[in-house]
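First comes the structure, then the notes that go with it.
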Amino acid sequence: MKNHQFFASAISVLALCASAGLASAHSSLEQKEAKAGSFYKAVIRIPHGCDGKATTAVKVDLPEGFISAQPQPKAGWKVKTTKSDYAQAYKVHGKDVASGVRRVVWSDGELPSDYYDEFVVVGQLASFDKNTVLSFPVTQSCGADASVAWTQIAQEGQDPHALAHPAPQLHVVASADDHADHGNHGSHGSHGDHAAAAIKVGELAISNPSVRAMVPGAKVAGGFLTITNEGKEADRLVSASTGGVKRVEIHEMTMEKQVMKMRKLDNGLELPAGETVELKSGGYHLMFIQPEHAYKEGENITVTLEFEKAGKVEVDFPVTAQSGKSGDHSHH
């Protein structure tokens, strides 16, 4: 019986990793599409080191049109920003902004080559009047004598997958409304603009809900979201439920001695006062176990979240493309 449970857990972990794209060979962005004028959280994925060497620094050059950028601090790493002028001034909250952070470097850390991690920069996208592709060149340094540069920028009409070291790309969808980050959002909002449409329940703000499309044969699906506790007291996510599945569980995935382990959080997930907790691939997440049908990109899964103090709320989780698949760009 114990062996059966062990193998079942192992299969669940592998299926979740496959759907989340943890083994992607290239550095990439978690959200590959967003709306012009919206707030955007650039989550840069680092999938491996330099020919087996640990990554010790990550440099990201920010593109023109990604403004008012702020890097997210990372435990165990130093962070440094370089500011310079933009090519033009942009309107932010009614004021002209002509310069800002153009480069972010995380250094003095250590990410073993067999491990995966994410580095985050938040900012706002300019109000482009046509669909635009922005590139985020990334350079990994592995000590003083090794590096990997994901800096090749695809030209118009060129397939970035044909490049040996393509820079992560963001597809920006033009908006007819200069105030797109404050108004209603169309069908593209589920890909990169959840922050402007956060769902409030009690003192909690819920944003970025998503479920990854399931790979063939998978029996589980990973669910992700961000929860900000704006109150002065801690709360707790105690359960999640939806129709058409055996059950939904709250899980934590960790690496211990180079072994990936996943455990169910029987007591739920704590939400400290004044803090943001992100449920994402490789960390905290929801596990949808044995759906009646495989979740496919474009669907919406209505999930009831129950909190210890804030109570219950229904949230629509859009099903997003399997990360790391070329199909992520098929509609562009």
Side-chain angles (χ1 to χ4, degrees), residues 16 19-21 29-35 38-43 45 72 118 120 122 173 180-214 218 220-230 235-245 247-253 265 268-271 275-289 291 293-308 310-323 328:
L16 181 63
S19 66
L29 290 167
E30 181 178 62
Q31 295 288 348
K32 298 178 177 65
E33 180 178 300
K35 202 169 192 178
S38 71
F39 169 89
Y40 178 65
K41 183 177 182 180
V43 179
R45 293 167 161 169
Q72 180 173 295
E118 297 172 338
V120 178
V122 297
V173 180
D181 54 327
H182 299 293
N184 294 324
H185 303 284
S187 60
H188 293 287
S190 65
H191 291 281
D193 192 26
H194 303 297
I199 297 171
K200 295 294 295 289
V201 54
E203 298 294 336
L204 305 178
I206 301 168
S207 58
N208 301 327
S210 68
V211 177
R212 290 281 165 74
M214 297 170 66
V220 297
F224 314 105
L225 70 157
T226 300
I227 306 171
T228 299
N229 185 349
E230 299 173 347
D235 205 334
R236 184 178 295 274
L237 174 62
V238 295
S239 69
S241 60
T242 189
V245 300
R247 62 184 179 277
V248 183
E249 297 179 349
I250 306 168
H251 282 208
E252 179 184 21
M253 186 179 292
L265 300 179
L269 176 61
E270 184 178 2
L271 307 171
E275 295 188 15
T276 295
V277 177
E278 186 176 8
L279 283 74
K280 60 182 183 179
S281 57
Y284 299 122
H285 58 274
L286 300 179
M287 180 74 83
F288 295 79
I289 298 175
H293 72 278
Y295 293 155
K296 296 180 180 180
E297 182 182 1
E299 294 181 321
N300 271 290
I301 310 301
T302 300
V303 180
T304 300
L305 303 176
E306 182 174 359
F307 299 93
E308 190 173 65
K312 294 183 178 181
V313 62
E314 286 192 350
V315 178
D316 284 337
F317 281 61
V319 180
T320 59
Q322 297 168 17
S323 181
D328 289 353

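Basis for what follows: all heavy atoms, side chains included, without hydrogens, waters or symmetry-related copies.
- Closest approach of Met214 and Ala294 over heavy atoms only: SD-CA, 3.7 Å.
- Atom CD1 in Ile227 sits 11.0 Å away from atom CG in Asn208 (nearest 0.5 Å).
- Summarising the geometry, atom CG belonging to Leu286 is positioned 12.5 Å from atom CD1 belonging to Ile301; distances are rounded to the nearest 0.5 Å.
- The two residues Glu314 and Thr304 have their closest heavy-atom pair at CG-OG1, 3.7 Å.
- The minimum heavy-atom distance between Arg45 and Leu29, with the atom names listed, is NH1-O, 4.3 Å.
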As a quick check of understanding, evaluate side-chain contact (heavy atoms from CB on, under 4.5 Å) for Asn229 and Phe307, giving each step before the final call. CA-CA 11 Å; Asn229 185 349; Phe307 299 93; over 6 Å; no
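- One finds the CG atom of Leu204 at 6.0 Å from the CG atom of Leu271 (value rounded to the nearest 0.5 Å).
- Shown here for Ala205 and Glu230, the closest heavy-atom pair between the two residues is CB-OE2, 3.7 Å.
- Taking 4.5 Å as the limit, some side-chain heavy atom of Thr226 sits within range of a side-chain heavy atom of Glu278.
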Val43/Gln31 under side-chain contact (heavy atoms from CB on, under 4.5 Å): CA gap, chis, key distance, verdict: CA-CA 7 Å; Val43 179; Gln31 295 288 348; over 6 Å; no
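- Under the 4.5 Å side-chain criterion, counting only non-hydrogen atoms from C-beta, His285 is not in contact with Arg212.
- With contacts defined as side-chain heavy-atom distances shorter than 4.5 Å, the pair Lys41/Val120 qualifies.
- For the side-chain contact (heavy atoms from CB on, under 4.5 Å) criterion with Leu225, the lone passing option out of Leu305, Val315, Ile199, Val303 is Leu305.
- Rounded to the nearest 0.5 angstrom, Leu269 CG and Ser239 OG are separated by 12.0 Å.
- Taking the side chain as every heavy atom from C-beta outward, Ile250 and Tyr284 never approach each other to under 4.5 Å.
- Here the straight-line distance linking atom CD of Glu118 with atom NZ of Lys280 works out to 4.5 Å at 0.5 Å rounding.
- By the salt bridge (charged side-chain N to carboxylate O under 4.0 Å, His left out) test, Glu252 pairs with Arg263, sequence neighbours left out.
- To the nearest 0.5 Å, atom CZ of residue Phe317 and atom CZ of residue Phe288 are 5.5 Å apart.
- Crowding of Lys312 atom NZ: a count of heavy atoms from other residues, nucleotides or ligands under 6.0 Å not exceeding 12.
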Before you tell me yes or no, could you show the steps for Glu306 and Ser241 under side-chain contact (heavy atoms from CB on, under 4.5 Å), namely the whole-Å CA-CA distance, both residues' side-chain angles and the distance that decides it to 0.1 Å? CA-CA 9 Å; Glu306 182 174 359; Ser241 60; over 6 Å; no
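- The shortest heavy-atom contact between Leu279 and Phe224 is O-CB, 3.1 Å.
- Taking all atoms of both residues into account, the shortest heavy-atom contact from Val277 to Glu270 is CG2-O, 3.9 Å.
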